[in-house]
Structures are given as structure tokens and as C-alpha cells.
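Here is the structure we will look at, set down as C-alpha cells.
As a basis for the values below, the full set of heavy atoms in this structure was taken, side chains included, without hydrogen atoms, waters or symmetry mates.
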Amino acid sequence: MLITEENLMMTIIKTFMDHLRHRDIQGRFQFERYTAVQAFKFRRVQSLILDLKYLLISKPPEWTTALRTKFLEGFYAFLELLKCMQGMDPITRQVGQHIEMEPEWEAAFTLQMKLTHIISMMQDWCSTDEHVLIEAYKQCLAVLTHCHSGFTDGEQPITLTLAGHSVDTIRYCVSQEKVSIHLPVSRLLAGLHALLSKSEVAYKFPELLPFSELSPPMLIEHPLRCLVLCAQVHAGMWRRNGFSLVNQIYYYHNVKCRREMFDKDIVMLQAGASMMDPNHFLMIVLSRFELFQIFGTPDYGKRFRKDSTNKDIVQQNNTLIEEMLHLIIMIVGERFCPGVGQVTAADEIRREIVHQLSIRPMAHSELVKALPEDENKETGMEQVIETIASFKKPGLTGRGLYELKPECAKDFNLFYYHYSRAEQSKAEEAQRKLKRLNEEDTALPPPVLPPFCPLFASLINILQSDVMLCIMGTILQWAVEPNGYSWSEAMLQRVLHLIGMALQEESQHLQNISEDNVLTFTFSEKISRPGEASNTSPSILALLETLQNAAHLEVHKDMIRWILKTFGTIKKIRESSSATVVVETEGNVLEENTRDKDKAERKRKAEIARLRKEKIMAQMSEMQRHFIDENKELFQQSMDELSVSASTSHDNSGPALLDTKMVALGPHQTRFVEQSQLVTCILCQEEQAFHVDSKAMVLAAFIQRSTVFSKNRAKIIQDPDNYDPLFMHPDLACGTHTGSCGHIMHAHCWQRYFDAVQMKEQRRQQRLRVHTSYDVENGEFLCPLCQCLSNTVIPMLPPPRSLYHRLDFSEQPDLAEWVNVTGQQIRVLKELGIEKSADELESSKQTDIPDGFRPAFQPKNPYSDSIKEMLTTFGTATYKVGLNVHPNEQDPRVPIMCWGSCAYTIQTIERILTDEERPLFGNLPCRQDDCLKSLTRFSAAHWTVCPLSVVQKHFSRLFQSIVQQEGSEEAPCILDIDMFHLMVSLVLSFPALQCQDFSGYSLGIGDLHLFHLVTMAHIIQIVLTSSPDDDGMEQECPDGEEEEAALALYRTICQCTGSTMKRWSSGWHLSRAIKTAILPFLRCSALFFHYLNGVPSPTELPVSGLNQIEHLCSFLSLPSNFFNLFKQNPHVTDSLINSWCKHKEMRRYLAAEGAAISYPRESNKLIDLPEDYSSLINQASNFSCPKSGGDKSRAPTLCLVCGAMLCSQSYCCQTDLDGDDVGACTAHTYTCGSGMGIFLRVRECQVLFLAGKTKGCFYPPPYLDDYGETDQGLRRGNPLHLCKERFKKIQKLWQQHSVTEEIGHAQEANQTLAGIEWQHL
């Protein structure tokens, strides 16, 4: 209606043209330099194109006379617009010096891109009505003729003669004259010409069409010049024209423009060639490519080679020949445009996808980008993709990929016209590799093509034309004599492809020919004839047979063999039935001879390779014997050492050790001598074993504060300078985690490396200093080998407990006696006071000092100065990071933080192994295993570099938290102590007291009794915090001795607390609950003592379940019925239970005034995310900024740790943190994750990792569309669903404390991340 009544189409186009007033002399658009102002003005004009698109978006269901008239008026106006674009921005080849200023080109291509869909829609409208199509075609031809009127002015007419044919044309050199890439009128005519064929109007109403007026040479002239320009640019002839031309060529072939540019130029050449003598057409093509002399003059190539030494010109000509042959392949082979070939639009898109997937498997989004879109931004891919490709779902990384089905490989065309050179090379490599995998020959023959439409049917004659045969024969002749001519393998490859196409075409004709028709395509006959240039010129077939055995053409042999085989097949079909047998025999003989020659050649080469290999091996063997003879003494010494070490290892790990059960601690601890291990420094490559008196070897390590296992995120250390970290609360509110990449260095090598890193950062100018992935001022550096973020080093040590062992007497004290003696020793130290000197101690007469206890004794430190320095370095780093304070190696809290880090790291590893149902031992990666071993042994040795009195005071306080003594300060309630942290601290601080005990009590018995004490306290802790299960699990067996003991303990606790706790239904349920709750403690203890004492791990330990308890009890010297701990020492245990239960804090817990942590503690997980991403979008859309009076947040961000929604990247929610303005997310990390956070930016569908104020990175979200792809930025708009595997991966990164490491790697890989101000997010 708008077109008919308002003539809106004409109005819009005229308005558009009025705004583009700048024209050149010929009336073509001339754009000013494309500045920001010009771009803005141009964008305003472009809005008119959208109005035009709105008009044309729906094709008319039926045409009226008025609509035809008005549409054609608008179409004529549109032709005037295209006429102003025809030939705009002409360019001339720059010779001599480089162009000074890049010419304007962007505006013209912007206009072309905007009009692409309009041109396509105009053609779609024309295709729906025959009258409109004919009138549009006539008018378009008239406009094109007008554009070309006088195109021979100044261009001399010449006559070309080749292979007995002559053609009159003009002398025109693209490399010397002006040429334009913008030919919209020619291309519109090409589109309409194809529609005439598709709609069969050309056959119904030939009298109405101006075919007699057509001048085919005029039609092909400008598109051919444009394609020659592209070829010359590829050949490097237009280098001096700058990047503007390179960009124009890129967009000419680009998926956004090619449908109405490059593709239509090919169609126009096909239309022109179909109306011309093929020989004439090819001669004009040779002339425009400036190659006519090479093929038109006998022996021109040989003379050219002798006369000229300019390799650039030789290379240019080779490239031009390759491009010309490729153009001929495209003209004859590209039939998948409806109207050109007998195909549909679905066939066209199917072929496009086949060739994209032939390069490599592709994601849905990649395919969509590689395919042209219509006016509705649709590609039509969904209609055909299922028939040609199978979808492969993504794993934990990457995207879902479409893989080409094997049966579609036959449709692959190596010279597909939409391939760039790089894509063609990749596709060729991929297809050859596939054929090798399938054990097929690597020939890539041309596919069988659909037939041409009748209007284009004569195109196939190009393949059998005399000029084409001349070109083929010439190039094959060059290949036969490789030393005589300048040629390339790419040239030969294209000729072979053309021969293959011709043979495929002839084969199809033979299959489809009927009795009445005469076969006109006789390519096989023509290539059998000798050349007409001279009597000695061999036939193309003879040249191919010669090339089959050429040594320098190994890659193309399979293709030549395929051509000869296909030729033989066609020959058989063509021969009469009487001669069939003879021909078959000849063909078979030829084929067998060829095959026999190939086999003989392969056998000969294999034999040569075998002899060469044998010769090399013999030489190597001789050299080895010679070397051994010269170094007999050295080899004898090495063999002796090997035999000794083998016997030693056999003694230590022989059957005797394997048969015994492993015991990790106590008097019956398995004695195992750890072999000295040689390690290599990654910096100096020197090997060294780590001993107590040698240079220190260290592991790069990263210490970080952690709330991953926190049960109380609201608890924050308010005053770290005065905070006492001795007792870790069971809520594990904030721990110190240590991780390592496992790479080993000498301490002095590391120190030099770190000093160099510091110096480099100090030398860096202030203006260049950006936030890097590491903060040198904070002690951070990257591991020299793997670039993993680190902030300290852990010294590697031999098992430290073996250094403190003195003579063990056979009789060791029981628990009661040991507790009594240890209590006396602590009391003596307290009474004497740590400030008294040794002289005062000797002069004072103390009567109550236990026998053998020497409080004045100061043990000698067994470690070298290098190791002592590293012990101090790592201890100070743990203290600094763990408490977030300034380093102070004299602070008494340093050893406490080291013990805490050891305990927390072990708990972390155990929790991860449990959650993933992996074995406790033998399943850790080397780097984690080395880290735990080094961390445990460091923590056990650290007391040697601390003042003895400080460690003794810590032990005293720790011991008194379990064994209450008169006059001691009030210890925390056992419900407020994490028992594993307590046990680790007690065991690691005990040597400071035991080193002054010369009574004969061993260190091992102390470890055992301390472990038993803490285990009993943990059992009481579990009973007090457990409640009977409500799940109603049925009792599996009647109560036995163990269950009765559990009930007796329960009654004792009830009696001591004076309260009536919930009753258990049976001893079996109580015993099972205690076993389940104590299991994590036992597993952590097993890991700790395994690494501390170097005892091999127990075999046959189940992966999960309560069956582990029996094995763990055996390994940890616990009775299998651990309730017997209470029975063995009733006097001590009763008083202990009484003291624990009578604590004043206990009454508050029992009265339900305080919430106690129950056991086993559940693993923390990231929050549950909805399955459908739209739920999150709805949640975010309802979120208002908390500080802006109800305004919607621009960047709502969800904390994946606690579920809080935050207003990120906004000034309104910035807060002050340690003197810096930080965004809501950064501030939240310090309250929720001790400086580390994981967030989901809802509107961008992007996961954000933050660590501190200066580090962060973006991470792929766990939401995928149906094609297995993420949509960061929500640009594609496909529905997104939660991928649980990917979310688990993010959760695993968080639980393993690998987020900071991930950020470091991301920032090193992508330097743009360093420029983002993460603190403002």
C-alpha cells in the first residue's frame, strides 16, 4: 500500500540520493575522508535504508498493475543510485614509490554492506512476477550499457590468435589502468540473469528478452578486471598501494559482502562465457591476466627464463597462472547458485556447511558467522545441518562441535570458491589426513557436480576447448621438464583438478545419454591426441603417464593415478561391445603395470631406509663400546653403586616390610629408612640430595588465607596485631592454606632469581607500571619454570623426628604416668620462669624437678645455616599472610601459624579426596604430595629456629586445654577447639619439651599419648554435639561389646554434665554415629603421621565407608574398639571427662544458648544455581541498588560463595577499604572470602574471579546453549541452561584454592586483563 499509494519507494531513494551530493565528473559518488563527524552524518543517512528494508521485507502475495508500475519506478530510481556507485573509488597501480596517503574506502564499503540486503530483496521481488522480472532485466541492461558506453575509448582494439582461434578485443592492462571494485549494476544484472534461468522465463518468453542486444565481452569485462585485480594483489603487484586496497579485497571476499559482490561477478562471467565461444572467452581471460604471451608464443617460458633473472616477475607470473586456473575452475564448477545449476537454496547452504566443516569441526556460532545471513538475519543452517553433520557435545572445556559425516566427504571440492588461501590449505591437510587414517589414497578428486541449467549449459565446453587443452598441455610439459621452465606445484595441481572435472563431466554425460542424443563432450578423445603445436608434442594423456613416475611429484601421484583410472573407465564405456574385451585387457595391463611399478618403487625405498637404519645403529653401537672401553673405571664404580643401592632398597622394601602392618606412630612405629633422593634445581640444573647439613633446597609455594571450609563467614579478625591464633575454632572461620607447583630450586638460586625480579620491577618506569599478575612488594613472584604464582618457598627436609630420637628404653610409661610426668615438667618450667638464666637455674635447689629433666639444657640445632634461614623465611611468610600483618620473625605467634597452616592444608586435601571418592594415599598429584611432605616436615622442624621458651609456653597452654592443672589459666571449652589443629600443634611443639627430658621416655610415646588424649577429647566432643538420627536406620546387628562401651561412655557424659541429652535408641546407632563423625579426624591424622614420620602408607585401605576405620586404627596405634581408650586408664579418663564436661562454657552449649559445630562437618559448596538462566535474569532485574533509593543496578553480580546479589562496577556502592575506594565485589571478597571471590555477572553471563584488589580475570560461565557454547555478553540470545559438569569444575577450583593460580595464568596469557581496574568491580 505504501508503495502503491504513497510511492514511498521512490521517495526514500530520491531523499537518500539528495543527501549524497558529492559526485565526480562521471556522476559517481565521491566520499570525503571518513572521520568521526562524517561517519555520524553517514549513519543518519543510512537510516533511510532501514525504511527501504521495512518496505521490502514482505514479498507481495499477488501483483496489481499499480503495484507493478510503482515498484518498477522505484526500481529505476534504485538503478540510478547503483549507477552512481558503479565504478566509484577507482584505483591505479602505484609504481616506483609507495602511496603517500591511504585513499578513502570505508564509506563506499559501508554503503555497499547496507545495500546488500536491499539488492537481494529487490531480486526476490522481481522473481515473483515474470513481467516485472523482464522489465527490470531490460532496464538494468540499458543502465549497464550506458555505464559502459565508450568503454573502448582510448583503448586500442587488438586481435588475439591462439590454438587456431582468433578473437577481437581491446588492449587493457589492469596493472596500468584505473580499475574499480564497485560494480553493483553488473552484479544486479547477473542476479537477474540467474533468475531468468531459475524461473524459466528465459525459455518461455525468449522473444521478450534482449538477448540479441547483449554483448558478452562487455558483460564480462568489468567483473573480469575486478577478479584480475584480486589475483594481482595476491601476486604482490599492488604492494605500494597500501592497506586500503588490501582491506577492500578482504571485504570483497568477506561473508558480509560476497553474496552481492564476488559471487555475482562469478555468475556474470558464467553468463558471458555461456554466450561466447569458449576459446574466445579463454583468450580474453588470458589477455586480462596479462598471460597471453606466455601461452601464445612457443617456448616463451624458456626464453623468459634465460633472459630474465628477476625472480619476483617469475613468481608473479606463476601466481597469476594459478589464479587464472582457479578462476576457470570456479566458472565451470560453481553451479550451486539456483538458476546457474539445477539446485535449490538448501543445496547451496548445505554445500557451504560441508566445506566449512571440511576444514575442521566447528561450533554452532562459528558456522553461523561463516554463513551469509538474509534480511531476517537467518542463515538457513538449521534446515540442513542434521543431514550432513553430527553434533559432538562439549566436555568440561571447549564448545559443542559439529563434525562432518563421513558420507559427505565425497562432496569436498579442494578449490571451493569461498575458501581463503589459509582455509584451502587447512582443508586440504585435514582431508588428506582423514584419507590416510582410513588407509585410502590421498587423491582429492573433484566431486560429481549437478547439471547446469539450459541457459548455462554451454559452459562445460570450456573444458574441452582448444585453448584450454593448449594451456593444460603447456603446463604439463613444464612439469615434465622441471629444470627448463618456471612453474609451481600449485599450478599443476589446478590443471589436474580441471582434467578431473572434465573426466567427471564426461562420465556423467555417458551415464545420462539417451539413444537419440549424440555425445558432444569428448574430452577423453581430445587428450589422447598429440598436440597440434608441433609433430613431436605429446598428448596430455602421455604427459600424465610420464608424470606418474616423476620423482619430484610424489604428492600428486595419487591424483594422477585417479585420473588415469577414470580415463580407463570412460574409455571402456565408449568402446563398442565387440572391442570391450580388448580394451579391458589393455586397460588392465596398463593398470597392473602401473601398480607393479609403484610396488617395486615402494619396496626399493623401504629397503634403502632399512639398510640406512642398520648402518646408523651399527655406528651407535660401536661408539658406545668405544666409550665404555675408555671409561672402564667410571663404569665399574657406577655398577658397584647400583648394586649397593639395589640391595639396600631390597632390604628396606622387601617381603619382610610388605608382610608387616604399617604403624605410623608410637613405640611400635614401623622403622623405615628413607632413601636419600636426588633432586634437580630448575635454575642451575645441578643435582643434590637434601640433607640436614647441606645447602637448602626449596619448593616454590603460595600461601593464602582461606574461608573455603568456614562455617561462620561473619567472623572476621578485627585486630590482627593482638589476635591469639593458638586455638582454632571448629567453625574454621579463616585458615591459612599452602599450595605449591612442586618445582625445586636451591635456596640461593631462588634468592638470586627473586632479587632479579625485584630489581626489574624497581627499574620499570612509573608510567609503565601496571598491575601485573604478581605483586613484588608483597613478596610475590612467578615460578621460573611454570609461571605459577608464588609468594614464598618451603624448605625440603629429611624426616625431622629421626633427628630428635634418643635411646628408647624398653619400658615406656602408660598414659597416666606420662600425663603426670609431663604435667610436672610443665609446672617446673612455669615455676622457674623463662627469664631466669642457666646460672640461676643451677644455683636454685628445686626438689620437685622430675628425674632426668634438665630445664637448663639447650639442644643443638642440627640444620645448616642455609636451611635455618629458609625455615625462618617460610615461617615469617606464613605469619604475615595468615594474620595479614607486617612480617616479624620474632613474634611468638609465628610457630602457631605454621602449625595451623599445616593442619588446615591437610584438612583441605582430605576433604577433597573424600568428596571425589578418591583413595587417601597414592592418588595425589606429585606437586600436592611434595607440598604436604615438605610442609609437614617444615612445621615439625620450625621449633628449632624459635626461642625454646616460646614453644614450651605454647605447648603448656595447648596441653592444659586437655589436661586441666591447678593454678593454670582458664582454657577454652573443648567444643570451641578444632581437635585436629590441636593435635598437630601438640605433636609439633612437644619436641621443645622432650629435648630436655633425659629420663628415657621416647618422643614416639609422647606422640602416641598426645594423639590418644586428643582422640578421646574428640569422641567426647562428638557425643556432646551429636543427636540421634531421625532417618530411622534399622540396626544391622545386636549390640556387642563395642556398642555397650559406647552406651557406658554416653551415660558417664550425661552424669558429668548433669543434663539429660537426647536418648539414643541403641548402642549400635551411637557407635555408628561416632565412627562416622571421627572418620575425617582419623584420615587427616593418618596423612599427617605418614608425612611426618615417613612411614609408608597402609595397603588395602578402602576408598570410602566405615570399613576404613579398622585399617586407620591399626595404622595410628589405636585399639580397633577405640572406646577401650577410656577403659585402659579409667582414673585419668574419668577425671578428664569430668573436667571437660564441667567447663562453664559447656553449660551454655547444653542449655542451647550457643550453637556448637556438629560432626562430621559437611563440605561447603558454591550456591545452587537455577537450571534456566532466565530465572537469574529475572532475579537480577528485580534487584535494586541498596544505596540509590530503589534504582535498578546496572551490573547486578551474584556471589557464588554466599549467594549475595551486589551492585558491581558502580560509584554508588564504592566503599573505603584500607584507604582505597573499592567496588562492591572487591569489598565483599574481604568479608566473604578473605580477599578471594567468585561472582557471576548476570547481565554479561560471565564468571568473575577476584583475588585482592589488583588481580582478577573473567572465566567461562557454567551456562551453555543447546549447541554447547557459552554466550558471554548475551549477544547470540539463545536459551541457556546450567551445565553441572562445568559448575563442578568451578567449584573444584574454589575448593582446591586454585582461583588465584587461574587468575595468574589468565593475566599472563592475556595482557589486556592487566589494564582492568579490578578493585572497582
Side-chain angles (χ1 to χ4, degrees), residues 730 814-820 823 959-966 970-977 979 982-983 1008-1029 1035 1037-1079 1081-1082 1109 1113 1118-1154 1156-1160:
D814 61 8
L815 180 65
E817 183 184 345
W818 183 86
V819 166
N820 184 40
F959 187 74
Q960 287 170 9
S961 66
I962 296 186
V963 181
Q964 295 286 338
Q965 291 184 320
E966 294 178 12
E970 184 70 27
C973 171
I974 62 165
L975 297 184
D976 290 334
I977 303 174
M979 287 301 161
L982 177 66
M983 189 271 293
L1008 182 67
H1009 290 321
L1010 286 170
F1011 177 63
H1012 284 180
L1013 281 171
V1014 177
T1015 305
M1016 287 190 287
H1018 191 38
I1019 292 171
I1020 303 302
Q1021 200 180 34
I1022 291 166
V1023 174
L1024 288 167
T1025 55
S1026 298
S1027 57
D1029 288 335
Q1035 186 168 337
C1037 57
D1039 286 357
E1041 181 185 347
E1042 188 172 324
E1043 289 75 14
E1044 292 297 334
L1047 281 175
L1049 177 63
Y1050 174 73
R1051 286 192 287 271
T1052 304
I1053 294 170
C1054 287
Q1055 187 178 346
C1056 292
T1057 55
S1059 66
T1060 54
M1061 296 186 292
K1062 289 184 182 179
R1063 292 193 60 79
W1064 287 83
S1065 57
S1066 70
W1068 181 85
H1069 283 95
L1070 175 60
S1071 173
R1072 184 179 180 83
I1074 293 172
K1075 284 180 178 178
T1076 304
I1078 203 173
L1079 186 58
F1081 172 79
L1082 296 179
I1109 288 200
C1113 286
L1118 279 174
S1120 56
N1121 174 7
F1122 38 66
F1123 297 108
N1124 287 342
L1125 285 173
F1126 297 93
K1127 289 183 179 179
Q1128 289 169 359
N1129 302 281
H1131 299 299
V1132 178
T1133 53
D1134 287 349
S1135 64
L1136 288 174
I1137 293 171
N1138 196 47
S1139 66
W1140 294 335
C1141 294
K1142 292 290 173 62
H1143 196 281
K1144 63 182 181 182
E1145 284 292 312
M1146 187 68 73
R1147 299 190 199 103
R1148 194 168 64 84
Y1149 280 118
L1150 293 172
E1153 293 177 12
I1157 301 294
S1158 59
Y1159 299 90

Problem set entry | Non-hydrogen side-chain atoms of Q964 and W1140 separated by less than 4.5 Å | no
Problem set entry | Spacing of L1049 atom CG and M1016 atom CE [to the nearest 0.5 Å] | 10.5 Å
Problem set entry | Non-hydrogen atoms of L1013 and F959 that approach each other most closely | CD1-CE1, 4.2 Å
For this session: I would like to know whether M1146 and L975 meet side-chain contact (heavy atoms from CB on, under 4.5 Å); could you show each step before the answer?
Result: CA-CA 8 Å; M1146 187 68 73; L975 297 184; 3.6 Å; yes
Seminar exercise, completed: d(L1136 CG, C1056 SG) to nearest 0.5 Å is 11.0 Å
Exercise. Going from CD1 on I977 to CD on Q1021, what distance comes out if it is rounded to the nearest 0.5 angstrom?
Worked result: 8.0 Å
Exercise. Are any side-chain N or O atoms of T1133 and backbone N or O atoms of F1126, one a donor and one an acceptor, separated by less than 3.5 Å?
Worked result: yes
Exercise. Are M983 and L1010 close enough that some pair of their side-chain heavy atoms sits under 4.5 Å apart?
Worked result: no
Exercise. Does any non-hydrogen side-chain atom of F1123 lie less than 4.5 Å from one of S1071?
Worked result: yes
Seminar exercise, completed: side-chain contact (heavy atoms from CB on, under 4.5 Å) with L1118: of N1124, L1082, I1109, only one passes, and it is L1082
For this session: May I ask you to test the N820-E817 pair for a side-chain heavy-atom distance under 4.5 Å?
Result: no
Exercise. So, for P1119 and Q1128, which heavy atoms are closest and what is the spacing to 0.1 Å?
Worked result: CG-NE2, 4.3 Å
For this session: May I ask you to decide if the ring planes of F1081 and F1011 are parallel, tilted or perpendicular, using 30° and 60° as cut-offs?
Result: parallel
Exercise. Of the non-hydrogen atoms in P730 and D976, which two are nearest, and what is the gap between them?
Worked result: CD-C, 3.3 Å
Exercise. Could you give the distance from CD1 (I1020) to CD1 (I1053), rounded to the nearest 0.5 Å?
Worked result: 3.5 Å
Exercise. How long is the span from the CG atom in D1134 to the CD atom in Q1055, to the nearest 0.5 Å?
Worked result: 9.0 Å
Exercise. Any side-chain heavy-atom pair from M979 and I1078 closer than 4.5 angstrom?
Worked result: no
Exercise. What distance do S1026 atom OG and L1070 atom CG have between them, rounded to the nearest 0.5 Å?
Worked result: 8.0 Å
Seminar exercise, completed: Looking only at heavy atoms, the pair that brings S961 and L982 closest together is OG-CD1, 3.7 Å
Problem set entry | Donor-acceptor contact below 3.5 Å, side chain S1135 vs main chain V1132 | yes
